[in-house]
Amino acid sequence: MTLEAVFDEVPQLAGRVREVAELPGGLTNENCKVDTDEGSYVVRRWSDDTGLLAIDRDHEYENSLRAAKAGIGAPVVAYLPEHNAMVFEFLDGPTMSAEDLRRGPGRIALAADACRRLHGADRFVCDFDMFDIQPRYLEIVTERGFRLPERYLEFAPQVEAIREAFSERDEATVPCNNDLLAENFILVGERFFCIDYEYSGNNDACFELGNLWSESNLSLDQLDELVSAYYGRHLRHKVARARLWGLMSKYGWTLWASIQDGVSTIDFDFWAWGMEKYERAVAEFDAPDFERLLAEARRPD
């Protein structure tokens with residue numbers, strides 16, 4: 001289906017003079033900005049293969065509405081599942097990079113504030129749990145003969161140890177984006193907005209913080225800063241929990257990369273992207289402080 005067919009279905013775009021420009025950076029979607037005399041919009045289109053990645057577009061749409069209602073997500077203009085498309089209002093502000101988060105003054109505090117606002121949204125329509133998603137990815141990789149990194153299966157006992165450590169503390173779940181790459185933060189005025197709710201769902205807040213830490217390769221000191229800013233004080237067990245969730249995210253997203261390497265038509269080296277995460281995950285699984293993190297995640301401060 002052509003972009004013109006999508007435009008014709010959206011009242012804000014149909015029959016108007018339009019300027020269309022591709023937006024780079026999407027790893028599962030093709031995105032473009034559309035400028036009209038009435039405003040600017042983002043059109044996102046996806047392929048049918050993204051269902052393999054545990055993406056439910058109906059859930060994405062509903063959760064995007066709730067994020068927008070909370071003032072943290074871009075307003076939704078249209079949902080066109082028959083065209084594999086969704087349309088949002090364009091957020092006018094700079095897109096962050098990992099370097100921006102690592103080195104920009106006050107960026108960690110802004111990210112913590114954005115997470116708190118998102119986590120205070122109306123509860124999402126679905127849940128997200130990497131302990132459930134990682135085995136689903138592994139089944140797809142195995143059944144389809146996609147590439148699996150060396151030693152990958154050896155870390156199953158460590159994964160179970162993390163699950164057991166987490167189970168000793170009952171943590172409520174909150175609405176999470178679950179994919180907060182730096183590029184999913186848009187600075188509008190003096191606040192971050194969070195975009196792209198493909199993997200959104202109710203989850204442990206420490207997954208959000210740990211995944212954010214992992215995706216932007218923040219330092220351990222910056223993780224401490226992020227967790228402390230989010231909770232209002234330093235909490236060792238929350239820092240440990242976020243670190244372990246960050247490890248689990250790297251371990252799970254490695255398989256996401258393997259699936260994308262096998263099916264995606266996007267011109268991107270998914271395998272190299274995934275192996276960079278996996279090598280960091282291996283280093284953390286093998287690190288001498290792994291057992292200490294498990295112990296700290298179990299006990300209160």
Side-chain angles (χ1 to χ4, degrees), residues 10 12 21-36 38-46 55 57 59-79 85-126 128 174-203 205 207-216 218 222 225-226 229-230:
V10 182
Q12 293 87 339
E22 181 181 355
L23 292 174
L27 297 185
T28 53
N29 306 290
E30 294 179 352
N31 304 299
C32 66
K33 179 187 177 189
V34 184
D35 293 316
T36 75
E38 292 291 328
S40 298
Y41 305 90
V42 173
V43 177
R44 300 179 62 206
R45 303 183 71 200
W46 56 85
I55 298 172
R57 297 298 177 177
H59 290 169
E60 178 189 1
Y61 167 62
E62 292 293 341
N63 294 343
S64 295
L65 290 175
R66 296 176 190 209
K69 179 183 175 183
I72 186 66
V76 182
V77 173
Y79 176 43
M86 207 175 304
V87 183
F88 302 85
E89 290 185 15
F90 178 76
L91 295 175
D92 191 8
T95 299
M96 293 296 100
S97 68
E99 184 74 7
D100 290 328
L101 292 188
R102 288 194 297 266
R103 302 192 183 280
R107 295 292 193 255
I108 301 298
L110 285 180
D113 172 71
C115 289
R116 282 197 307 272
R117 288 187 287 126
L118 172 59
H119 297 172
D122 291 343
R123 194 162 180 83
F124 283 168
V125 297
C126 56
F128 180 101
V174 293
C176 290
N177 177 285
N178 299 311
D179 190 31
L180 283 182
L181 318 178
E183 290 77 8
N184 284 344
F185 286 110
I186 309 294
L187 182 60
V188 180
E190 298 181 353
R191 305 177 89 181
F192 279 156
F193 277 65
C194 300
I195 62 171
D196 292 357
Y197 288 85
E198 292 175 310
Y199 300 94
S200 59
N202 305 305
N203 196 3
F207 179 91
E208 192 95 282
L209 301 176
N211 187 63
L212 194 166
W213 163 69
S214 172
E215 291 294 339
S216 291
L218 303 179
Q222 287 172 320
E225 180 185 354
L226 177 67
Y230 181 87

Novice: Could you point out which residue of Ile195, Leu23, Val43 forms a side chain to side chain contact (heavy atoms under 4.5 Å, CB included) with Asn31?
Specialist: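 When Ile195, Leu23, Val43 are each tested with Asn31, the side chain to side chain contact (heavy atoms under 4.5 Å, CB included) holds only for Leu23.
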Novice: For a 4.5 angstrom cut-off between non-hydrogen side-chain atoms, does Asn203 reach Glu208?
Specialist: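 The answer is no, as the side chains (C-beta and beyond) never meet within the 4.5 Å cut-off.
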Novice: State, yes or no, whether a side-chain contact exists between Val77 and Glu89 at a heavy-atom distance under 4.5 Å.
Specialist: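 In short, these two side chains touch, coming nearer than 4.5 Å.
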Novice: Pair Val87, Val34 - check side-chain contact (heavy atoms from CB on, under 4.5 Å), show working.
Specialist: CA-CA 10 Å; Val87 183; Val34 184; over 6 Å; no
Novice: How long is the gap from NE2 on His119 to CG on Asn177, to the nearest 0.5 Å?
Specialist: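 Reported to 0.5 Å precision, the distance equals 8.0 Å.
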Novice: Who pairs with Thr95 by side chain to side chain donor-acceptor pair (under 3.5 Å), at least two apart in sequence or on another chain?
Specialist: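 Expected list: none.
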Novice: In terms of ring plane angle, is the pair Phe185 and Phe192 parallel, tilted or perpendicular, where the classes change at 30° and 60°?
Specialist: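 Phe185 vs Phe192 ring planes: tilted.
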Novice: Kindly assign one of parallel, tilted or perpendicular to the pair Tyr197 and Phe124, based on the angle between their ring planes and the thresholds 30° and 60°.
Specialist: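 Rings of Tyr197 and Phe124: perpendicular, over 60°.
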Novice: Find out whether Arg57 and Glu198 are in side-chain contact, i.e. whether some heavy atom of one side chain is under 4.5 Å from a heavy atom of the other.
Specialist: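 In contact.
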Novice: Step by step, work out the side-chain contact (heavy atoms from CB on, under 4.5 Å) result for Tyr199 and Ile55.
Specialist: CA-CA 6 Å; Tyr199 300 94; Ile55 298 172; 3.4 Å; yes
Novice: Heavy atoms only: give me the nearest Ala111-Leu212 pair and the separation to one decimal.
Specialist: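 In this case the closest contact between Ala111 and Leu212 is CB-CD1, 4.2 Å.
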Novice: Test side-chain contact (heavy atoms from CB on, under 4.5 Å) on Thr36 and Gln12; report intermediate values, then the result.
Specialist: CA-CA 8 Å; Thr36 75; Gln12 293 87 339; over 6 Å; no
Novice: How long is the gap from NZ on Lys33 to CG on Asp92, to the nearest 0.5 Å?
Specialist: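 That separation rounds to 6.5 Å.
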Novice: Determine whether Asn63 and Cys126 make a side-chain contact, defined as any pair of heavy atoms from C-beta on separated by less than 4.5 Å.
Specialist: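 The answer is yes; the side chains approach within 4.5 Å.
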Novice: Please test Asn211 against Ser214 for side chain to side chain donor-acceptor pair (under 3.5 Å), starting from the C-alpha separation and ending with a verdict.
Specialist: CA-CA 5 Å; Asn211 187 63; Ser214 172; 5.4 Å; no
Novice: With rounding to the nearest 0.5 Å, note down the distance linking CD in Glu215 to CG in Asp179.
Specialist: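 With rounding to 0.5 Å, CD (Glu215) is 6.5 Å from CG (Asp179).
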Novice: Within this structure, what is the CZ-CD distance for the pair Arg44 and Glu30, rounded to the nearest 0.5 Å?
Specialist: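 It is 12.0 Å, given to the nearest 0.5 Å.
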Novice: Taking atom CG of Asp196 and atom CG of Leu181, what is their separation to the nearest 0.5 Å?
Specialist: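 Here the interatomic distance stands at 8.0 Å.
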Novice: Rounded to the nearest 0.5 Å, what separates atom CG in Leu187 from atom CG in Asp100?
Specialist: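 With rounding to 0.5 Å, CG (Leu187) is 9.0 Å from CG (Asp100).
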Novice: May I ask you to test the Leu218-Ile108 pair for a side-chain heavy-atom distance under 4.5 Å?
Specialist: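 Touching, per the 4.5 Å side-chain cut-off.
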Novice: Using the side chain to side chain donor-acceptor pair (under 3.5 Å) rule, take Asp35 and Ser40 through it: C-alpha gap first, then chi angles, then the decisive distance, then the call.
Specialist: CA-CA 4 Å; Asp35 293 316; Ser40 298; 2.4 Å; yes
Novice: Sort and list the pairs that fulfil ring pair (Phe, Tyr, Trp, His ring centres under 6.0 Å) and have at least one residue in residues 85-116, not counting sequence neighbours.
Specialist: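 Residue pairs with at least one partner in residues 85-116: there are none.
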